[in-house]
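To start, the structure itself, in structure tokens.
Lettering of chains follows the sequences in order, A, B, ..., and the numbering in each one begins at 1. Quick caveat: nothing in here was measured; it's all calculated off a predicted structure.
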Amino acid sequence: MTENTQQSHHSAPELPTQYTPADVEGPLYERWVERGYFTADAKSEKPPYTIVIPPPNVTGSLHLGHAFEHTLIDALTRRKRMQGYETLWQPGMDHAGIATQNVVERELAKEGKSRHDLGREAFVERVWQWKAESGGQIAGQMRRLGNGVAWDRDRFTMDEGLSRAVQTVFKKMFDDGLIYRAERIINWCPRCLTAISDIEVDYQDDDGELVSLKYGEGEDTVVVATTRAETMLGDTAVAVHPDDERYAHLIGKRIVLPLTGRTIPVVADTHVDPEFGTGAVKVTPAHDPNDFAIGLRHDLESIKVLDERGVITAHGPFEGLDRFEARSAIVAALRAEGRIVAEKRPYVHSVGHCSRCKTTLEPRLSLQWWVKVETLAEAAGDAVRDGRVNIHPADLTQRYFDWVDNLNDWCISRQLWWGHRIPVWHGPNGETVCVGPDEQPPSGEGWEQDTDVLDTWFSSGLWPFSTLGWPEKTEDLAKFYPNATLVTGYDLMFFWVARMMMFGLYAMDEVPFRTVAFHGMVRDEHGKKMSKSFGNTVNPLDWMDKYGSDALRFTLARGANPGTDVPIGEDWVQASRNFANKIWNAARFAMMNGATIEGPLPAAEQLSATDRWILSRLNATVADVNALYDDYQFAKLADALYHFAWDEVFDWYVELSKTTFMAGGEGAKVSARVLGEVLDVTLRLLHPIVPFVTETLWTTLTGGESLVVAEWPADSGFRDAAAEQEIAVVQQVVTEVRRFRSDQGLQPGQKVPARLELAGTALAAHEAAMRSLLRLQPAGEEFSATASLPVAGATVALDLSGAIDVEAERKRLTKDLAAAEKEKAQALGKLGNEAFLAKAPEKVVDKIRGRLETAEADLVRITAQLAALPQT
RNA sequence: GGGCGCAUAGCUCAGCGGUAGAGCGCUGCUCUUACAAAGCAGAUGUCGGCGGUUCGAAUCCGUCUGUGCCCACCA
């Protein structure tokens with residue numbers, strides 16, 4: 001961009017007629033970073049404002065959802081920075097354990113290798129390489145978007161410092177008895193070969209087959225149904241309801257389990273629903289969570305029949321079969337023995353899948369590490385209940401409570417290689433030692449570190465304080481914790497938000513943030529979920545290249561209604577690009593006419609009604625936008641700015657001021673100052689959403705250093721209802737005459753002789769502007785009015801020097817007349833209704849009276865216009 | 001099975017008790033001295049159905065239908 005900032009407000013700057021984002025965005029961003037605008041200083045006297053980035057996974061590049069989230073956070077932090085806060089937009093990325101490991105494993109697979117070919121150490125090295133690459137891409141995308149993050153504070157969940165935080169918390173929780181190791185049924189992914197937590201399970205309705213099996217011999221038989229026949233090899237009981245008379249005679253007996261040569265007991269357990277199926281349930285404690293619970297209650301044996309890959313381990317003819325092969329093989333074998341009493345029937349049921357690879361999960365008995373959540377979850381719930389943390393929008397609060405109030409212990413160990421290794425050493429005689437960050441692990445023969453790594457959300461849960469240097473007592477921590485706001489998607493409420501709440505309250509004894517502002521998911525233009533399999537995903541870079549970052553940002557902000565999903569289509573980005581271009585050209589025009597911010601704003605008495613009107617509207621807009629920002633109403637504030645800028649400033653104020661500017665002199669100088677003011681403030685207001693175009697124009701207009709560090713506008717309190725009313729009338733007259741011209745088929749540029757009767761009205765001052773807008777020439781000697789348009793106390797008489805289309809006009813007016821009459825009748829009806837008058841608030845009654853007045857005025861106007869029509 | 005939400009103009013959505021709104025799209029006329037990525041004018045909705053509350057309901061209540069999401073130990 002041009003560097004003519006010093007003299008720019010004295011001479012019209014040379015700006016091209018079209019805004020080309022690519023020319024300005026990159027260099028501007030680098031300049032902002034170089035000048036250190038985005039850094040945050042713990043020693044600052046300013047009040048802090050902190051938002052941490054929801055750390056993107058280093059699994060590739062950012063998608064539109066990230067761009068959306070970043071736009072919102074950037075807008076919030078840019079505004080706060082302008083408001084004088086010591087603002088920290090903490091950047092960083094997440095190692096994303098299982099997700100990243102899977103991505104790199106897929107890369108390896110392309111080379112025909114598995115992670116086992118490399119071994120743990122080499123594999124992890126390989127993931128670090130991938131991290132460097134992915135992280136670079138992500139940072140590049142963030143720069144393109146214009147994110148004002150403190151790059152000097154960039155963090156990664158597996159940095160030394162953050163790893164230290166992980167180890168510290170683990171040790172503390174271990175010592176407090178909040179972390180323990182236990183063998184339980186967990187969700188096991190036979191492809192990823194790891195346990196996953198309950199919330200990493202995606203349930204889908206799958207088509208299964210229900211088979212009914214007969215267990216036992218002779219009179220002691222019972223029929224059970226199952227969709228997972230292969231697990232019968234591990235059955236160690238049949239359970240029935242204690243009150244179920246059908247099976248009373250069997251309770252306590254042992255019956256024959258087919259194919260195995262074993263006998264199993266029939267136990268009574270209230271978990272069984274006698275109404276469901278046969279009322280008898282096969283019990284496989286090693287491969288089903290409910291059965292495991294039954295097993296505990298009845299002291300049943302747990303027999304594992306599937307290995308970690310889902311392959312049958314039980315001895316016998318089925319050994320080595322995959323679980324799905326085994327399923328049909330076992331059904332076939334049972335059929336051969338006459339054990340199938342009801343043929344397979346289709347059965348749709350909910351089946352858990354790995355949220356990372358979609359593989360059908362296998363519930364599996366396994367020794368894992370757990371977090372005891374009870375006290376942590378209670379504290380996390382209380383912090384919201386007592387208002388220390390606000391959830392926005394509020395209707396998501398219930399969902400949060402439902403979760404934290406009904407939480408099961410959290411399985412935190414993963415049988416992966418990429419992640420924070422569990423800081424526990426196992427000794428040769430079964431000893432277990434948890435090692436803190438400053439302690440030496442036990443050495444000697446037989447001591448080994450636990451091979452598991454932690455759930456990736458363990459480290460993400462520490463993010464609001466681990467990024468600030470915890471466990472050291474840093475100045476950053478003192479200044480920037482708790483964070484002000486957390487901006488994230490509602491899909492992360494359980495994975496991340498609730499965990500941050502638990503960890504923050506536990507480790508810091510303080511909430512992690514004051515407000516959680518949930519956003520929705522970005523969808524395509526038809527509201528469909530974006531996914532690679534639908535082929536409707538968008539790389540934000542493509543749209544930024546085509547339309548500019550500002551256009552993408554504005555589109556995303558404009559769609560951001562709290563907590564609700566955001567559909568976005570390329571057409572909409574185009575429309576935002578058009579808006580940016582409109583701002584560009586309006587500013588160009590303003591500067592060509594000498595718009596300036598130099599000198600004091602003239603006092604109200606020196607201003608025209610037009611100037612007072614726009615300043616009144618400007619300040620009202622400042623107030624509106626501020627209120628909307630404080631309520632995270634991005635869509636509404638973007639819309640308010642769009643309409644204020646485009647409709648009011650560009651389409652009306654600029655147009656109404658053109659004659660003033662052309663006339664020159666003192667009036668032009670005053671208007672140039674007002675226009676400069678309006679532009680200045682409007683650009684400031686728009687800057688957090690569209691930082692690039694506003695920065696370019698604002699520095700040119702004002703010669704100021706940068707909008708990034710400029711002051712956020714305050715409502716001066718200036719309002720002028722009279723001027724607003726006056727301009728409303730001007731708009732009404734202009735619109736009515738334009739309508740007439742258009743209906744009469746006059747070309748927009750065609751000049752028409754006209755006589756304006758404005759005497760005695762405030763409109764007289766606007767005659768020149770109205771004539772210019774309406775292409776009305778002075779009435780000459782042989783002026784002969786062919787149409788007379790009375791509007792709001794004024795009359796515009798036009799000489800079309802020829803016949804007008806009387807019928808078209810009569811038709812139009814007749815229609816308008818009918819509408820006005822209807823309006824009048826409605827208003828009269830209301831005002832004649834005693835119940836209404838008695839019960840309606842005065843405000844509403846006044847409104848109806850106003851409506852009646854308008855309708856009556858319209859009737860007078862339209863009747864006069866009809867009367868003025870030439871006879872045919 | 002439980003819970004939450006949504007059904008408003010062709011599309012995507014605001015409005016949530018007092019005359020139906022926006023963006024895009026559509027129609028017509030214009031390169032009118034910033035912008036055709038523009039300007040001006042215009043058309044389009046018994047606000048899902050049915051009941052109820054109210055002086056008044058797109059807005060509150062009930063119910064039905066359709067649709068989406070979250071949670072759950074569906075053998």
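When heavy atoms are screened at a 4.0 angstrom cut-off, A:T278 is found touching no nucleic acid atom at all. The residue A:H271 sits close to a base: some heavy atom pair falls under 4.0 Å. Base contact: A:E823 has a heavy atom under 4.0 Å from a base atom. Using a 4.0 Å heavy-atom distance criterion, A:V272 is classed as a base contact. Across all strands shown, A:P567 has heavy atoms under 4.0 Å from sugar-phosphate atoms exclusively, and none from any base. Using a 4.0 Å heavy-atom cutoff across all strands shown, A:D395 reaches no nucleic acid atom at all. Base contact: A:R577 has a heavy atom under 4.0 Å from a base atom. Using a 4.0 Å heavy-atom distance criterion, A:R558 is classed as a sugar-phosphate-only contact. Residue-level contact check: A:Q750 touches neither bases nor backbone, having no heavy atom under 4.0 Å from any strand. Nucleic acid contact class of A:T226 (heavy atoms, under 4.0 Å, all strands): sugar-phosphate only. Among the heavy atoms of the strands, none lies under 4.0 Å from A:F579. Residue-level contact check: A:T227 touches the backbone only, with heavy atoms under 4.0 Å from sugar-phosphate atoms and none from bases.
In this structure, A:K582 fails the cation-pi test against A:Y642, since its NZ or CZ atom is not both closer than 6.0 Å to the six-membered ring centre and inside 45 degrees of the ring normal. At least one cation-pi condition fails for A:R553 and A:W572: the charged atom is not both under 6.0 angstrom from the six-membered ring centre and inside a 45 degree cone around its axis.
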For nucleotides 16-18 of chain B, list the nitrogen or oxygen atoms of the protein found under 3.5 Å from its nitrogen or oxygen atoms, one pair per line.
unit_1, atom_1, unit_2, atom_2, d
B:G18, N2, A:K830, NZ, 3.4

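A:F579 and A:F554 have tilted rings, their planes meeting at an angle from 30° to 60° on a 0 to 90° scale.
No option in A:R327, A:E362, A:K282, A:H287 other than A:K282 meets the side-chain hydrogen bond (donor to acceptor under 3.5 Å, both in side chains) test with A:T231.
Not one side-chain nitrogen or oxygen of A:K529 sits closer than 4.0 Å to the OP1 or OP2 atom of B:G68.
Under 3.5 Å, the side chain of A:E655 and the base of B:A34 form at least one donor-acceptor pair of N or O atoms. For B:A37, its base never sits under 3.5 Å from the side chain of A:Q574 at any donor and acceptor pair. Between the side chain of A:S350 and the base of B:C74 there is at least one donor-acceptor pair of N/O atoms closer than 3.5 Å.
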Pairing annotation in dot-bracket form, given for RNA chain B with Watson-Crick or G-U pairs under 3.5 Å and | for cross-strand partners: ((((((((.[[[[.)..(..]]]].(((((.......))))).....[[[[[..)....]]]]])))))))....
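Summarising the local packing, CD of A:E853 is surrounded by 12 or fewer heavy atoms from other residues, nucleotides or ligands at distances under 6.0 Å.
Side-chain N/O atoms of A:T284 and A:D235 include a donor and acceptor closer than 3.5 Å.
If you check B:G39, B:G23, B:A41 against the side chain of A:H643, the one that comes closest is B:G23.
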